[in-house]
Structure formats: C-alpha cells, structure tokens
Amino acid sequence: MYAQMVKSTGSGVKPLDEMSPQERAFQERIDRGEKIEPKDWMPDGYRKTLIRQIGQHAHSEIVGQLPEGNWITRAPTLERKAILLAKVQDEAGHGLYLYCAAETLGVSRDELTMALLEGRMKYSSIFNYPTLTWADMGAVGWLVDGAAIMNQVPLQRTSYGPYARAMVRICKEESFHQRQGFDIMMKMAKGTEAQRKMAQNALDRFWFPALMMFGPSDKDSVHSAQSMAWRIKMNTNDELRQKFVDQTMPQIDYLGLTCPDPDIAWNADKGGYDFSEPDWSEFFDVLRGNGPCNADRMQARRKAWEDGAWVRDGLMAHAAKKSAQMAAE
Ligand code: BYC
C-alpha cells in the first residue's frame, strides 16, 4: 500500500507495479505486518539498510559508554556510582545484542568494527559532545536515553525479527536509564543554587544535540521513505522529534528549569509545541567528524580494538586447536 502511495510523492521508492514478483511478495509480507527472519529472501537494499542502521545503532551503544564512563570514578556517592556503573554496563549489553542482530544479516562484528574505525560507518552525533559536570549524567540519562526510547519503542514493531526482538529488552533497560537521569536532575534542580545552575547549564547544552539525535529534518532525510516502506523505520525523524519535545516540556516545567529555546510555545491548534530547529550546519559538521569529541571517541575505539588484539588472537588459537583435536578424534 505504502509503496503505491509514495509513487505520487516522488520519494524514490519503487511502486508495487514496477517490482519483480519476488520483490512484490516481499513487500506484501511487510504490508501484512509479518516479521522477516534471517533465512528469508530479502532485497539487497533491505539487507544493506538494516546492516547500516543496526550497525550504527550498535556502534552508538558502545561509543555511548564513553561520555558516562568518564564520570564513574567521580560519582558523588557510592549509590550513584553503582547505578551509573550498571547503566554503562547495560549499554555494552545493548551493543552486543545489536551486533548479534546485524550478524544474522551476514556481516561479522569485526567487519562492522573495521567500517567504524575506517570512517565508513557512523555512530550517533550526540556522543561527540562532552560531559562536563555531574549534572550532565542527569541530562544524558533524561534527554539522551529519553530520545533513544522515543525512537526505539516503535522499533520493537520493526519488520526484521532479530532487530525487533533485541529492541524489547533494550527498551526496558532504557526506561530505567531515563528514570535515573531524571532522578539526578530532580536532586540537582531542587538542590542548592549552585546545583540548580549546574542542572540548567546541562539542559542548555544537551537540548539541541538531543533534538539532533532523531536525524535531519524530513525534507533532508535520505533514507526515511524507503525505510518506512520496508518498516525498518516506523516514524519520520520530525514526527519523533515533535513527540519528544511534547513529552519533555512538561518535565522541564516540573523541574523548574527553562528550555533554552526562546521560541518554544504551546500551539493549541496542532496540540503540540512549536519549537526552533536545531542548527543543522552544526549537525552535519559533527557528522563529518568535526564535533568537540569526535577525535577522542575514535581514538578510544581504536585503542580498545588494538588493546584487545591479544584476546582475539588467543580465542582464535584456542578455536583452531579445538577443531584440530575434534578432526583427529
Ligand atoms: N547521528 O536519511 P536519514 C543510543 C545520518 S541512542 C549520526 O534520516 P536514517 C544510546 C544517517 O545515518 C542512538 N548520524 O537516516 C543512548 C544518514 O547517513 P548515512 C542510536 C545520523 O538512518 C543512550 C544521514 O544522516 N539509536 O544508542 O533513515 C546511551 C541521513 O539521515 C544521525 C539509533 O541508532 C545522528 N543522530 O535515520 C547509550 C536508532 N541522524 O548512514 C546509547 C536507530 C541521521 O547514509 N536508527 N544520521 O551515511 C535510526 O532510527 C535511524 O538510523 C536515524 C537516522 C533516525 C538515527
């Protein structure tokens, strides 16, 4: 249905009547809401898009540990340290489920890592911003995990089975992360004047980068139309951004903080907030590698890969020995 609809919009999505019988049968399965499983036939573009999206998502989870890992040794109490440690470990787990989901499409984890290290794959723009104060741990949990959930809850219904199933557990854990971030913000916003200022400053710095997490505005999104036709994406970037703003504004009010967007205003006619677009030139510049922390993040990933070489070599040597033993028996 969707594919026929997009014919008139010039979105670049192939209409049903121009598809091969195999492509058409595949699109009809998607339209019926069936899950696609690893051994099923799928168009090359579907496979490639999933590898790109799931791979970038996995990289984001792993790189996403770095800004928060920065604060584990400096958490203000033992309880906060234990909570943050658990959250950062959860992100490692999310990365691993997602690499496994990508592997079912015929790409190895090593290939995905090399694509990241060689600059052929991305990770989320948000992790190229620094975490300067403890309040940033609140803002990251509340806004960054909040934006991640907004994007990921619909992905539990995505058409590719392994991705949809990985998302179920990830979303449960992300909602705990979001709550712990809001809890830090509550403490800071209702604390001393210095703490309140720190909370406001964290909100000021993370607001627009959090809005950028949903991707470029719909008119500049290259992949949305085809990804939505394939139910790899369930909503457009702007739809999710709007939902996020509408959900977060009452929380900002509850905290007694101020949104850094001077033009944000409730629009009763549309039943949502009007708000300013993020600075898209900054967004694309961060994607090109010029954000405040891009070089640090990539250096950390490269170091982890190089430092882990002996572990990979040891595992491969062990596996080779085992298979030689089994062959001899
Ligand atoms: N950062 O055509 P578009 C998390 C790229 S949260 C970097 O709209 P698409 C976590 C895009 O890749 C974050 N790049 O693309 C939270 C494309 O470039 P390429 C991870 C971005 O894919 C807390 C180009 O811009 N979540 O993990 O249809 C703690 C054009 O964009 C970004 C996910 O990955 C960005 N923000 O839509 C720890 C969710 N936005 O690839 C961890 C799954 C766009 O052609 N992903 N680009 O070179 C998605 O839902 C979609 O991929 C996006 C982008 C909505 C992000």
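Order of appearance sets the numbers: ligands from 1, and atoms from 1 within every ligand. Numbers here simply count residues along the sequence, with the first being 1.
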Ionic contact status for [Y] with [X], cut-off 4.0 Å:
X: R196; Y: E193; answer: yes
X: K87; Y: D145; answer: yes
X: R80; Y: D183; answer: yes
X: E173; Y: R169; answer: yes
X: D285; Y: R288; answer: yes
X: D31; Y: R231; answer: no

What is the nearest protein non-hydrogen atom to [atom], stated with its residue, atom name and distance?
atom: atom 36 (N) of ligand 1; result: S125 OG, 3.1 Å
atom: atom 22 (O) of ligand 1; result: R52 NH1, 3.0 Å
atom: atom 45 (O) of ligand 1; result: H223 NE2, 2.6 Å
atom: atom 56 (C) of ligand 1; result: M213 O, 4.0 Å
atom: atom 28 (O) of ligand 1; result: K233 NZ, 2.7 Å
atom: atom 33 (C) of ligand 1; result: H57 CG, 3.5 Å
atom: atom 10 (C) of ligand 1; result: F127 CZ, 3.5 Å
atom: atom 42 (C) of ligand 1; result: E61 OE1, 3.3 Å

Mind checking whether [X] contacts ligand 1 via backbone (N, CA, C, O), side chain (CB onward), both or neither, at a 4.0 Å heavy-atom cut-off?
X: E91; result: side chain
X: Q65; result: neither
X: F283; result: side chain
X: Q53; result: side chain
X: L287; result: side chain
X: I126; result: neither

Could you go step by step and tell me if L112 and L116 meet the side chain to side chain contact (heavy atoms under 4.5 Å, CB included) rule? CA-CA 6 Å; L112 291 171; L116 174 73; over 6 Å; no
On the ring face of F214, is K233 found with NZ or CZ under 6.0 Å from the centre and within 45° of the axis?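 Ring-cation test returns no.
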Is R74 close enough and on-axis enough to W71, meaning under 6.0 Å and within 45°, for cation-pi?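 Positive - R74 is close enough to the ring of W71 and near enough to its axis.
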Could an N or O of ligand 1 be found under 3.5 Å from any N or O of Q56, whether backbone or side chain? yes
Evaluate K122 for polar contact with ligand 1, using N/O atom pairs at a separation under 3.5 Å. yes
Find all atoms of ligand 1 within a distance of less than 4.0 Å from any non-hydrogen atom belonging to [X], and give their numbers and elements.
X: Y123; result: 1 (N), 7 (C)
X: A148; result: 6 (S), 16 (C)
X: F214; result: 55 (C)
X: M212; result: 36 (N)
X: N151; result: 39 (C), 43 (C), 49 (C), 50 (O), 55 (C)
X: D145; result: 23 (C), 29 (C)

In terms of side-chain heavy atoms, does S217 have a donor or acceptor partner in D238 at a distance below 3.5 Å? no
Ignoring hydrogens, tell whether any protein atom lies closer than 4.0 Å to atom 53 (C) of ligand 1; use the non-hydrogen atoms only. no
Are any non-hydrogen protein atoms located under 4.0 Å from atom 24 (C) of ligand 1? no
Answer with yes or no whether Y163 contacts ligand 1, where contact means a heavy atom under 4.0 Å from a ligand atom. yes
Trace of the side chain to side chain contact (heavy atoms under 4.5 Å, CB included) decision for W142 with M137: CA-CA 8 Å; W142 170 42; M137 294 303 93; over 6 Å; no
Measure from [atom] to every heavy atom in [options] and give the option owning the shortest one.
atom: atom 3 (P) of ligand 1; options: G141, S221, A92; result: S221
atom: atom 13 (C) of ligand 1; options: G146, G215, S124; result: S124
atom: atom 30 (C) of ligand 1; options: V222, T236, L66; result: V222

Can you list the steps and then say if F26 with Y46 is a ring-ring contact (aromatic ring centres under 6.0 Å, His included)? CA-CA 10 Å; F26 177 83; Y46 179 83; 4.9 Å; yes
Between M213 and N237, does the side chain to side chain contact (heavy atoms under 4.5 Å, CB included) criterion hold? Intermediate values first, please. CA-CA 9 Å; M213 287 176 68; N237 301 351; over 6 Å; no
Measuring from atom CE of M298 to atom CG of N128, what distance do you get when rounded to the nearest 0.5 angstrom?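 One finds 9.5 Å between CE of M298 and CG of N128.
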State, yes or no, whether a side-chain contact exists between L155 and Y163 at a heavy-atom distance under 4.5 Å.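 The answer is yes, as the side chains (C-beta and beyond) meet within the 4.5 Å cut-off.
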Tell me whether the centres of the aromatic rings in Y99 and H59 are closer together than 6.0 Å.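 They qualify: ring centres under 6.0 Å apart.
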